Every structure is written in structure tokens, then in C-alpha cells.
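Here is the structure we will look at.
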Amino acid sequence: MKKDLKQKIGVYICECGGNISDYVDVEKVAKAVENEPGVYLVQTTMFTCSDSAQIEIIEGIKENNLDSMVVASCSPKLHLLTFRDVAKRAGLNQYNYVHANIREQCSWAHSDRTEEATDKAVRLVRAAIAKVRLSESLETIEIEAKNVAAIVGAGVSGLRSAIDLADQGTQVYLIERDHFVGGRTAQWGKLFPTNEDGKELVERLYKQIKERENITVFTGADIQSLDGSVGDFKLGVKISPRHITGACDEETSDQLYKVCPQETDDEFNFGLTKRKAIYKNYKNAYPENPVVDMDLCDKCGECLKVTNSNINLEQEAENITLNVGAILLNTGFDPYEPKDGEFGYKTIDNVITLPQFRRLLDMSNGSLEYNGKSIRDIAYIYCVGSRQPDGENKHCSRYCCTSAIQSALNVKSKYSDVRNFHINRGIRTYGKQETCYVDSTKQGDVYLQFFEKSFPTLEKIGDKTIITLNDALTDNETMEVSADLVVLVTGMVPRKEDTVAGILKVPIGSDKFYNEIHTKLRPVETVIDGIFIAGACQSPKNIRATMASTLSATAKANSLISTGKIELEPIIATIDTNLCEWCGKCDELCSYNAFEKVEIDGKMVAQVNKAICKGCGACAPICEVNAINIIGSSDEEVEVMIDAFVKDVQFIEDHKAKEAEKTVGKTDDTEKLKKALPEIGKKILQSLESEAKSVPEIAADIQHPADDVLYYLMSLRKYGFVKETGEINDDEYYLYELKQ
Amino acid sequence: MSKLNPDFILEFSTDEEFNPNACINCGTCSGLCPIGLDALPRKLSRYIVLGLEDKILEEKESYFQCLLCKLCVENCPTQVNISSNVRTARNYINRKIYKI
Ligand SMILES: Cc1cc2nc3c(=O)[nH]c(=O)nc-3n(C[C@H](O)[C@H](O)[C@H](O)COP(=O)(O)OP(=O)(O)OC[C@H]3O[C@@H](n4cnc5c(N)ncnc54)[C@H](O)[C@@H]3O)c2cc1C
Ligand code: SF4
Ligand code: SF4
Ligand code: SF4
Ligand code: SF4
């Protein structure tokens with residue numbers, strides 16, 4: 001038994017403006033708990049979370065010298081922090097406050113059974129009181145944090161994040177798997193909505209990176225391992241070499257590309273072109289030097305003969321460990337790759353994807369050709385790999401309607417005789433992007449629409465591909481569109497080759513993108529403290545949305561590590577090392593890897609890493625020798641709560657008194673309600689005092705629009721103030737009268 | 001089965017005013033039309049956009065039934081010049097069928 005039981009508990013029961021008190025009789029709850037051991041004061045309030053109520057509580061605690069408090073209101077998810085703050089302001093330790101949820105768990109869940117709802121509320125509040133009696137004063141755990149961040153992925157998201165974190169004084173390691181930075185943005189040529197060039201955007205960001213001394217960029221870098229925890233992660237990274245050890249100017253590079261005999265599909269151009277084993281993604285890609293692809297190189301030695309090439313084919317990979325306080329994941333997405341035969345992909349030779357089309361357009365010069373044939377009519381088939389009724393990808397990729405339409409605008413401004421046919425499932429050029437759509441209709445683009453019930457079919461006839469669809473915009477008329485090139489508007493999907501997620505244990509959502517804690521309220525944090533997500537690795541995003549999430553993750557990471565220390569919840573697991581025999585079962589079970597095996601007094605026992613443990617409690621029941629206790633949910637605390645919960649609830653009054661009270665309550669309510677009526681409601685009642693009237697007659701009488709009168713009259717009817725007489729007047733309108 | 005004919009619209013009219021492409025198929029015009037044309041106003045536009053010449057000739061009566069009251073034009077959210085487009089269509093039908 002603990003020594004100092006709380007003696008002066010304040011209990012605050014909230015009405016939640018009727019949300020609770022309409023179903024739970026809060027006065028009864030107050031009565032039923034006022035004699036619980038330790039309770040000094042019980043109060044009911046209309047809105048406990050309101051500023052005025054908070055101040056009242058604080059003053060009450062101080063005046064009466066209370067030592068702890070219980071709040072019975074809504075879910076602690078909503079207001080736990082609010083009332084912890086109240087406790088602190090009142091001079092209490094914030095852990096000497098316990099919360100009971102009597103809204104979600106009582107009034108809302110049991111709105112059809114008010115007596116039982118009240119009974120349950122009494123039990124919940126009693127349990128909270130029993131628990132707070134045993135509560136101890138706890139201090140938040142403070143750990144040291146390195147003001148150093150690792151940013152994984154140097155697309156526009158990672159680049160931007162690095163700049164901002166560096167400017168706030170954080171040391172940044174920017175870790176890019178590819179040998180060049182910029183990610184996918186560099187691939188698209190002109191970007192919506194500004195027509196800025198993607199490569200220029202990347203160049204601008206990279207130059208800013210170079211200007212900052214506290215950013216180190218690693219390319220060809222792969223995450224290998226992770227140790228430690230928030231504030232003090234140890235990230236193992238393997239750096240593949242470039243094999244070019246000194247400066248390599250453009251002329252030398254061109255020569256190298258020429259002499260190298262090894263060739264493969266160029267991934268940057270989605271296989272539309274070939275590249276050599278020595279290559280750059282594109283001419284002005286950064287960092288400036290080319291790289292040697294050792295998977296392709298057969299060490300023929302031709303490149304070594306080029307003067308000033310600075311090539312070293314024997315350069316070895318390096319393994320380094322980075323010690324960082326926070327990790328930001330900005331690893332982006334992959335474009336959806338259609339299955340063979342999906343809308344003619346790979347089976348009809350003039351069917352390509354939107355990413356390929358962007359490369360084709362970006363590289364084309366003078367004439368638009370594909371496979372040596374010139375292109376005039378282009379058909380775009382939308383939502384390929386997104387919004388799949390049967391496939392894996394249920395999501396809308398959000399970027400693609402706009403991107404396809406912007407491609408149509410770009411291609412037409414470059415080649416004016418091109419004609420665009422958009423075969424879509426409803427256009428989603430939301431927000432400011434709608435102007436792209438309007439511009440495209442102005443330039444004469446034709447839109448046809450299909451539903452998921454019948455997808456378009458494709459057939460190659462001669463040089464043309466004929467697309468047949470039922471056009472929803474023309475009464476499902478079967479239409480044939482003839483095209484020189486078919487562009488499949490493919491969506492965004494998670495990275496196929498994802499090695500980091502496994503190593504970092506990042507949670508993956510049902511859509512397979514990285515998962516945040518809470519979509520709305522905590523969109524850039526993961527359940528692992530100190531690991532943040534931003535950009536397209538979290539969900540499909542255009543650059544604007546990518547930046548919004550990037551800057552928010554950056555700010556979150558900065559506020560976590562910049563002060564050099566991190567405060568953590570003290571509600572965690574503790575081990576009684578006298579009992580623990582290190583069987584390792586807890587270690588196997590903990591999803592956060594919070595356990596370590598340590599030696600104490602010559603015996604191996606479990607130890608909990610305070611920075612990792614979430615206090616979830618999963619480990620406590622698995623321990624066969626009962627060595628694990630969760631602070632705040634010890635066996636003793638849980639037992640007294642159960643005792644309090646099962647104790648009989650007896651309401652004092654007899655049945656008759658209750659009935660009487662009910663009717664009294666009713667008239668009271670009606671009077672109260674009448675007083676609370678809006679002006680127009682009162683006028684309607686007045687107008688009906690003399691005689692029964694129809695809605696137009698009341699409207700004319702009180703000089704309010706008839707639709708307003710109708711609306712308020714129906715409310716009055718619902719609350720039992722008026723009723724219809726059952727008769728109609730000469731104009732055939734129903735008449736209403738006051739209800740006695 | 002109809003074949004989309006993108007060249008048709010050029011033959012039809014090159015006037016700047018002529019803008020059936022701007023239609024978003026909201027149906028406002030069809031809902032408002034006081035005489036309830038056999039083929040709804042938006043469809044008259046749609047046939048022209050898609051170049052469905054057969055349909056236009058099939059529905060030629062509708063193009064002439066229109067009162068040119070402009071109720072639709074006033075309310076079209078994308079400023080389609082419906083009534084002037086209808087007149088362009090009449091012009092086309094006159095040329096093509098009635099040879100006037
Ligand atoms: C065809 C197409 C056209 C588009 N056009 C536009 C447009 O016009 N306007 C617009 O606003 N948006 C456009 N978008 C969307 C735009 O591409 C994305 O918003 C943007 O690329 C997201 O940036 P990111 O940095 O999050 O991801 P990415 O650009 O994908 O960059 C991620 C980076 O992380 C690296 N990486 C991945 N895994 C690892 C790892 N394990 N370790 C280290 N590094 C890793 C990658 O190599 C890459 O460099 C388009 C998208 C497509 C598909
Ligand atoms: S943005 Fe458009 S094309 Fe892309 S998935 Fe959504 S609806 Fe389909
Ligand atoms: S389960 Fe219990 S006994 Fe086993 S290692 Fe963990 S704390 Fe020790
Ligand atoms: S309480 Fe949860 S997070 Fe903490 S050690 Fe136990 S299982 Fe792991
Ligand atoms: S009101 Fe305008 S946009 Fe709507 S259907 Fe008619 S023409 Fe089209």
C-alpha cells in the first residue's frame with residue numbers, strides 16, 4: 001500500500017452544454033460520488049473546458065488547498081492536455097489529475113437508456129477517484145537531443161527541408177539514394193501551374209544547399225541500419241562511390257559517354273532513350289560529375305584512356321554511421337506502371353504513359369514523333385492505376401488530371417496542329433488548377449467521359465489506335481476516337497524498392513504509403529518519436545502540397561531537437577529487477593523495441609529504454625513473474641478501479657418522486673426553452689394567440705419572409721408549442737394554432 | 001456507334017463567339033429551357049463538339065425550335081453562347097440541307 005493517499009480531491013463533472021446532461025443526470029452523479037473516500041468537493045459545470053470554468057476550477061483548488069482532481073467530461077483525446085494544464089496552473093502536479101470520459105462512453109453511447117448511462121457515469125467517476133487517490137507526482141522524462149537531422153531523399157521535398165532546417169541552426173545530413181538530386185520533379189519539363197521548368201527548380205534549390213555549410217549531401221547513399229532512439233539515433237549508411245575522383249568538365253564527360261561501349265535503357269527517360277555505363281541523368285544534373293554504373297561497367301578500360309577523366313574503377317563503397325536527433329523521410333513515389341496489356345500498354349506500340357509522354361515532350365525538338373511516326377491526334381486515358389474499382393489503388397492520385405491537361409496545353413503550344421482528346425472519369429482540376437481546364441477547352445480540346453462500369457477498349461488499326469467508349473456526356477453513346485498516340489494518365493504509387501521502411505519500422509497505411517499518426521491533426525509525425533514523413537512518400541501530392549507537408553515536418557523536427565533536450569511522458573513500463581529472470585518474452589512482444597538486456601548484480605534482466613517506451617502496456621501481462629509495472633496503471637491502481645466500478649450504485653429517491661420530478665422538469669424545460677426562443681419564434685407564438693393562421697398569414701402578420709416562418713414554425717411544432725388544426729383556409733394552406 | 005470527327009467543328013464555324021467546347025455538361029440550360037426541346041440544349045452543343053453530323057441532321061428540328069430566349073445563356077456557368085451557337089448551327093443546316 002502506498003503511504004500518501006490523496007485526501008482532498010476535487011471532482012468536476014461536465015454537462016457539455018446538454019451533450020452529457022441531456023442523457024446523464026449529472027446532479028445525480030455528483031450526489032453519488034460526494035461521499036467517496038478522499039473527495040472534498042464536487043462541482044457540475046456547463047462547459048468545463050471554457051476559460052471561465054477553468055479559472056473557477058483553479059481558484060477553487062487553490063482556495064480549498066486541494067491535492068488532486070478528477071474531471072468527468074469528454075474523451076481525454078480531446079482535453080487531457082487542457083486539464084493537465086489546469087492542474088499545473090492550480091499548482092498541482094499534472095499527474096495528480098485523472099480523467100473520466102462520460103460523454104463518448106456514457107451519454108453518446110447510451111442516449112436511449114438514460115438511467116443506465118447515469119449509472120455507468122457514476123461508476124466511471126468513482127473509478128477515476130479511486131485511481132487519483134493513489135496517484136503520485138511524476139516529472140516528465142527529459143532526454144538530451146542532438147541538434148542534427150538526417151533527411152532521407154533529396155527530391156524537392158528533401159532539398160527544401162534541408163535548407164530550412166539548416167537555416168534554423170540544425171546540422172543536416174541529406175541522404176540521396178540516386179547519384180543525382182532532385183527526384184522526380186526534374187523529369188517533367190514544364191510544371192503546372194506556373195510553367196516553370198522542373199530542372200531549373202531543382203537547380204535553384206541545389207544552389208541554396210551548396211551555400212550552406214551545415215548541410216552535407218550524400219549521393220548513392222543507402223540506409224543500412226538504425227539504432228538508438230529519438231534525440232540520439234544512429235543511422236548506418238552505405239555510400240556507393242562515383243568512381244570519378246576529381247572535376248570532370250562537360251567536354252571530358254561527352255568524350256566519356258562516347259567511348260564507353262556499355263549501354264542500357266535510360267531510367268530517367270523511362271526507357272525512351274539509352275544511356276552509357278558512364279552517365280548523368282540529364283546534362284545539368286547535380287552534383288555536376290557523371291557517375292559510373294558498376295553493374296553495367298565491364299572494366300574495358302576505354303574511359304581510362306580519356307585525358308583528365310579522373311576515373312577510378314576500383315573505388316570502394318564506404319560505410320558510415322550518422323548520429324542524429326531526428327530523421328525526416330522524404331523518399332517520394334513511383335509512377336504507376338500499367339500491367340502488360342492494360343489499355344494496350346506494351347501490346348500496342350503507340351500506347352505510352354504520362355511520365356513517358358512528359359519526357360518525350362521535354363526532349364522533342366522541331367517535330368513531335370514517337371517510334372519514328374509523327375503525331376497529330378493524342379488521346380489521354382485518365383485514372384490508369386488510380387481509383388481502381390478492383391485493383392489495389394483506390395486513391396485518386398490528385399496530380400494527374402491537371403498534369404494531363406497541362407501536357408495537352410504544352411504540346412499544343414509547341415505543335416499547334418495537335419489535337420487532344422481527354423477520355424476521363426470526371427475531371428479533378430481542383431483549386432487554382434481549374435484554369436488549366438478552362439484554357440484547354442478554349443484551345444478546342446475534346447472531353448469524353450466513361451464510368452468504371454465500362455472501361456474504354458483499344459484496337460490498333462493501321463497506324464492508328466481506335467479507342468471505343470460509351471460517352472457518359474452523350475447519353476452513353478458508343479464513340480470511336482482515332483489516335484496517333486495514346487497517353488495513359490498513370491497515378492502515383494508508393495516506391496517499389498523501399499528498403500528504409502523496414503529498417504526504420506515506419507508504419508505503412510492500408511494504401512501502402514507511409515502512415516502518419518493522425519491524418520488531420522498530426523499529419524507529418526509517425527508513431528516513432530523523432531521520425532517524420534513529408535512529400536509524396538506519404539500520399540500522392542503535387543509540389544505545392546509536397547512543400548506544405550515538408551515545411552510542417554521541418555518545423556516539427558526543429559521544435560523537437562533544437563533546444564537540445566526532449567520532454568517525454570513519464571507513463572512507461574518499469575521492471576522490478578528482483579523479480580525479472582530475463583526470459584525475453586517482453587522483448588519479443590514490444591512493437592517499439594523498448595527492451596534491452598542488461599546485467600545487474602551478476603544477473604541478466606530486462607531494462608526499458610525510457611525514450612522509446614510508449615507506456616502502451618502490452619508487455620505487462622506477458623511477464624510470467626509479474627516484474628513489469630506500467631506507471632499509473634499498476635496492479636494496485638487497476639484493482640482499486642475495478643473495486644470502485646463494481647460497487648453498487650443506489651439512487652436515493654423512490655420511483656414516485658422521480659416521476660414527479662420528471663414532470664416538474666418538463667414544465668421547467670418548456671419555460672426555459674420559451675425564454676430561449678429567437679425573436680421570430682416569439683413573434684410567431686404571439687401572432688397565433690388571437691387565431692389559427694397559415695404560414696403566409698403569419699408571415700404577413702409579423703413581416704418576415706414566408707420561408708423563414710415555415711422553418712421556425714416547424715421547430716415550434718417539434719418542441720410542442722404549436723400544432724396544425726387539420727383544416728385548410730380558402731387559399732388551400734394548412735392552419736396552425738397554439739398547443740395548450 | 002459514332003465516330004468522333006474533330007475536323008468538323010472547323011468546317012462548322014471558326015468564329016470566336018462560337019464556343020460549344022466550354023460546356024461542362026452541368027445541365028442548367030436543359031433544366032431551364034422553357035419549351036423543352038426534343039434534344040436538350042447541351043446535346044445540341046455536344047453533337048457539334050464531337051462532330052456528329054448525322055445526329056445534327058437527325059435533330060435539325062430542335063435547332064429550329066429554340067426560341068432564342070437566352071434564358072440558358074444568362075445562367076450558363078461557363079458562358080457558353082448557346083443561342084448564338086444554335087444560330088450558327090441553323091446556318092449550317094440551311095447551307096447543307098436546304099441549300100440556302
Ligand atoms: C508525370 C508527372 C508529372 C507531374 N507534374 C507536376 C507538375 O507539373 N507540378 C507539380 O506541382 N507536381 C507535379 N507532379 C508531382 C511531383 O512529381 C511530386 O509532387 C514531387 O516529385 C514530390 O516530391 P518528393 O520530393 O516528395 O518526391 P520525389 O520527387 O519522388 O523525390 C524523392 C527522392 O527520394 C529519393 N529516395 C527514394 N528512396 C530513397 C531511399 N531509400 N534512400 C534515399 N533516398 C531515397 C529518390 O531517389 C528521390 O530523389 C508530377 C508527377 C508526375 C508523375
Ligand atoms: S487526379 Fe484525375 S486522373 Fe488522377 S486519379 Fe484523380 S481523377 Fe484520376
Ligand atoms: S518478461 Fe518479465 S521476466 Fe521476462 S525478461 Fe521481460 S521483464 Fe524479465
Ligand atoms: S509498455 Fe508498450 S512500449 Fe513500453 S515496453 Fe511495454 S510493450 Fe513496449
Ligand atoms: S448551362 Fe452551359 S455548361 Fe451547363 S449544360 Fe448548358 S451549355 Fe453546358
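No hydrogens, no waters, no symmetry mates; every other heavy atom, side chains included, goes into these values. What you see is a predicted model, and the numbers here were worked out from it, not measured in a lab. By convention in this document, chain letters (A, B, ...) are assigned in the order of the sequence lines, proteins followed by strands, and residues within each chain are numbered from 1.
- Neither the backbone nor the side chain of A/Ser482 has a heavy atom closer than 4.5 Å to any heavy atom of chain B.
- Annotation: cation-pi pair A/Arg398/A/Tyr430 present, NZ/CZ under 6.0 Å from the ring centroid and within 45° of its normal.
- Proximity to chain B (any heavy atom under 4.5 Å) is shown, for A/Asn470, by neither the backbone nor the side chain.
- Here the OG1 atom belonging to A/Thr478 is positioned 9.5 Å from the CG atom belonging to A/Asp471, to the nearest 0.5 angstrom.
- Residue A/Tyr437 touches chain B through its side chain alone, counting heavy-atom pairs closer than 4.5 Å.
- Looking at A/Leu448, both its backbone and its side chain come within 4.5 Å of chain B, counting heavy atoms on both sides.
- Donor-acceptor pairing under 3.5 Å is lacking for the side chains of B/Gln79 and B/Asn81.
- Looking at A/His395 and A/Ser397, their side chains come closer than 4.5 Å, going by heavy atoms from C-beta outward.
- Enclosure of atom CZ in A/Arg376 by more than 12 non-hydrogen atoms of other residues, nucleotides or ligands within 6.0 angstrom is indicated.
- No close placement of the A/Tyr380 and A/Phe421 rings is indicated, their centers lying 6.0 Å or farther apart.
- Ranked by heavy-atom pairs shorter than 4.5 Å toward chain B, the options A/Val481, A/Thr474, A/Ile427 are led by A/Thr474.
- When the candidates B/Lys55, B/Met1, B/Lys3 are compared by the number of heavy-atom contacts under 4.5 Å with chain A, B/Met1 comes out ahead.
- Among the candidates A/Ile466, A/Asp475, A/Thr468, A/Asp377, the residue making the largest number of heavy-atom pairs closer than 4.5 Å to chain B is A/Asp475.
- Using a 4.5 Å cut-off between heavy atoms, B/Ile9 makes no contact with chain A at all.
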